[in-house]
Amino acid sequence: MKKVNNIAVLTSGGDAPGMNAAVRAVVRTGIYHQLNVYGVMYGYRGMLKNEIIPLESKSVANIIQRGGTILKTARCKEFHEYEGRKKAYENLKKHNIDGLVVIGGDGSFNGAYKLSQEFDIPCIGLPGTIDKDIAGTDFTIGFDTAVNTAVDAIDKIRDTADAHDRLFIIEVMGRDAGYIALHSGISTGAEHIMTPEHLIDVQDIIEDLQANERRRKMVNIIVVAEGSTAGGAEEVARQIKAQCLQLDTRVTILGHIQRGGSPTCQDRILASRMGYAAVEALLEGTSNVMVGIVNNKIHYTPLEQAIKAKEHIDPEWLKITKILAS
């Protein structure tokens, strides 16, 4: 087992609230164990361009409450190719880096897995994604903040929906996963939740809305994940308006406000525990795993498995939604 002396941390893919808390935990834990810690700017792109900087304890002071990422993030097509990864590895070796912590989603983990396999550098993944679409952890860094942002917005929209007896169709993020839609929809009493995981017939929703109108239930909230099988909020609204001319229908797309903002307490604690565990894993000789939290305990999942496996929404959740909104 090689002794780890110099580690690097990077954030990759879409930003998520709590990434800074995770970076802080990696840096402070590494320094506690007398390791040299480096930050890779702009993810894998910065690795290719040798944008690698030393980090000290003070480098991560006053960031635990900040959204975004002080290390920045970017996409990097060049890293998808072997030659790009080789160049990135050579830059790591210039700094004698012998351990890497990657904070991101499954695409970021895929890059870390290939780098580790091809160049024998131990990599640890931390699930930083608002979508909560990675298996091996009950929650991902940023998910709780994104959901609470959506809940706050939907609560405010319901106030104006109630004042005007309107139907609001609210689109939240979730191209491939509907967890933000599911959690925010249940939390706000949405009448319908539309996700990418379940085939939903808009006609069924239209019939339900018509039944609600007959019993004078005029205020309705539909939460739609952007990757819903029925399309985004605009498409759902178009179909509903075509048959429900009497409904005063509005569309709100929450967009990137779900990525920003100060992370919640849960995300700060989650990120801190995961960042600490990542460094401890490297010191113990563990490699190619993702750090997760399962049943409130640290859990390690092989990176390859975390990449391939996906969390699935239990249909029971949607049944709960229908019963509670009736």
Side-chain angles (χ1 to χ4, degrees), residues 1-2 4 7-19 21-23 25-26 29-30 43-44 69 73 79 85 98-147 174-180 182-183 196-197 263 266-314:
M1 185 177 72
K2 298 179 188 175
V4 175
I7 65 171
V9 57
L10 64 86
T11 51
S12 175
D15 62 304
M19 279 185 164
V23 170
V26 170
T29 306
Y44 292 122
T69 162
T73 183
F79 194 81
R85 293 191 293 273
D98 45 23
L100 184 65
V101 178
V102 174
I103 307 168
D106 56 357
S108 304
F109 292 168
N110 188 48
Y113 177 75
K114 288 181 178 178
L115 185 71
S116 182
Q117 292 294 301
E118 293 165 350
F119 301 102
D120 192 28
I121 181 168
C123 293
I124 305 292
L126 299 188
T129 167
I130 66 171
D131 290 330
K132 202 179 87 72
D133 58 348
I134 296 175
T137 185
D138 291 339
F139 293 99
T140 57
I141 297 167
F143 172 73
D144 188 65
T145 307
V147 168
R175 186 179 63 233
D176 302 309
Y179 281 100
I180 295 177
L182 178 70
H183 284 243
E197 290 87 349
Q266 178 168 318
D267 272 329
R268 297 182 200 194
I269 292 173
L270 187 76
S272 297
R273 291 180 69 188
M274 287 180 173
Y276 163 83
V279 177
E280 293 290 326
L282 286 172
L283 290 170
E284 292 168 4
T286 304
S287 179
N288 287 331
V289 298
M290 180 199 79
V291 179
I293 301 286
V294 177
N295 295 327
N296 204 29
K297 294 182 179 179
I298 294 294
H299 178 81
Y300 297 105
T301 301
L303 277 178
E304 188 176 20
Q305 183 179 330
I307 294 164
K308 292 179 180 178
K310 294 288 184 184
E311 286 290 280
H312 298 287
I313 292 177
D314 190 329

Novice: Where is the tightest heavy-atom contact between Cys123 and Ala112, given as atom of each residue plus distance?
Specialist: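 Closest heavy-atom pair between Cys123 and Ala112: SG-O, 3.6 Å.
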
Novice: Is Pro17 close to Ile130 at the side-chain level, that is, under 4.5 Å between some pair of heavy atoms?
Specialist: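 In contact.
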
Novice: With sequence neighbours excluded, tell me which residues meet side chain to side chain donor-acceptor pair (under 3.5 Å) with Glu280.
Specialist: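 Expected list: His33.
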
Novice: Out of curiosity, Lys132 NZ to Thr137 OG1, how far, rounded to the nearest 0.5 Å?
Specialist: 8.0 Å

Novice: Does Asp267 reach the main-chain N or O of Thr145 with its side chain, forming a donor-acceptor pair under 3.5 Å?
Specialist: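 Confirmed, Asp267 side chain pairs with Thr145 backbone.
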
Novice: Using atom types as modelled, flag every donor-acceptor pair under 3.5 Å from a side chain in residues 290-297 to any protein atom, sequence neighbours excluded.
Specialist:
| unit_1 | atom_1 | unit_2 | atom_2 | d |
| --- | --- | --- | --- | --- |
| Asn296 | OD1 | Arg273 | NH1 | 2.9 |

Novice: More than 12 foreign heavy atoms under 6.0 Å from OH of Tyr276: is that the case here?
Specialist: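 No, because the 6.0 Å sphere around OH of Tyr276 holds 12 heavy atoms or fewer from other groups.
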
Novice: So which atom in Pro263 and which in Gly18 form the shortest heavy-atom distance, rounded to 0.1 Å?
Specialist: CB-N, 3.7 Å

Novice: Measuring from Asp106:CG to Leu303:CG, what's the distance to the nearest 0.5 Å?
Specialist: 11.0 Å

Novice: What pair of heavy atoms forms the shortest contact from Ile134 to Ala306, and how long is it?
Specialist: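 Closest heavy-atom pair between Ile134 and Ala306: CG2-O, 4.1 Å.
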
Novice: Determine, stepwise, if the pair Tyr179 / Ile313 fulfils side-chain contact (heavy atoms from CB on, under 4.5 Å).
Specialist: CA-CA 8 Å; Tyr179 281 100; Ile313 292 177; 3.7 Å; yes

Novice: Could you report the tightest heavy-atom contact between Ala277 and Tyr300, atom names first, then the distance?
Specialist: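 Scanning both residues completely, I find the closest heavy atoms to be O-OH, 3.5 Å.
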
Novice: Holding to side-chain contact (heavy atoms from CB on, under 4.5 Å), I want the full list of residues that pass it with Ala22, two or more places apart in sequence or in another chain.
Specialist: Ile103, Leu126, Ile141, Ala271

Novice: Mind listing the closest non-hydrogen atom pair of Ala177 and Asp131 along with its distance?
Specialist: CB-O, 3.9 Å

Novice: Can you name the side chain to side chain donor-acceptor pair (under 3.5 Å) partners of Asp176, sequence neighbours left out?
Specialist: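 Counting only residues at least two positions away or on another chain, Asp176 forms no side chain to side chain donor-acceptor pair (under 3.5 Å).
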
Novice: Do you know which two heavy atoms are closest between Pro122 and Ser116, and how far apart they sit?
Specialist: CA-OG, 4.3 Å

Novice: I need the Arg85 CZ to Glu118 CD distance, nearest 0.5 Å.
Specialist: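 Answer rounded to 0.5 Å: 4.0 Å.
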
Novice: Tell me the ring pair (Phe, Tyr, Trp, His ring centres under 6.0 Å) pairs involving residues 98-131, sequence neighbours left out?
Specialist: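 Listed by first then second residue: Tyr82-Phe119, Tyr89-Phe119.
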
Novice: Among Ile7, Leu282, Val9, Leu115, which residue satisfies the side chain to side chain contact (heavy atoms under 4.5 Å, CB included) criterion with Leu100?
Specialist: Leu115

Novice: Would you say Phe143 and Thr129 make side-chain contact, with heavy atoms under 4.5 Å?
Specialist: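 When only atoms from C-beta onward are counted, Thr129 and Phe143 do not touch, as no gap falls below 4.5 Å.
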
Novice: Got a sec, which residues hit side chain to side chain donor-acceptor pair (under 3.5 Å) with Asn110, two or more places apart in sequence or on another chain?
Specialist: none

Novice: Return the CE to CG distance between Met19 and Leu10, rounded to the nearest 0.5 Å.
Specialist: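 Those atoms lie 9.5 Å apart.
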
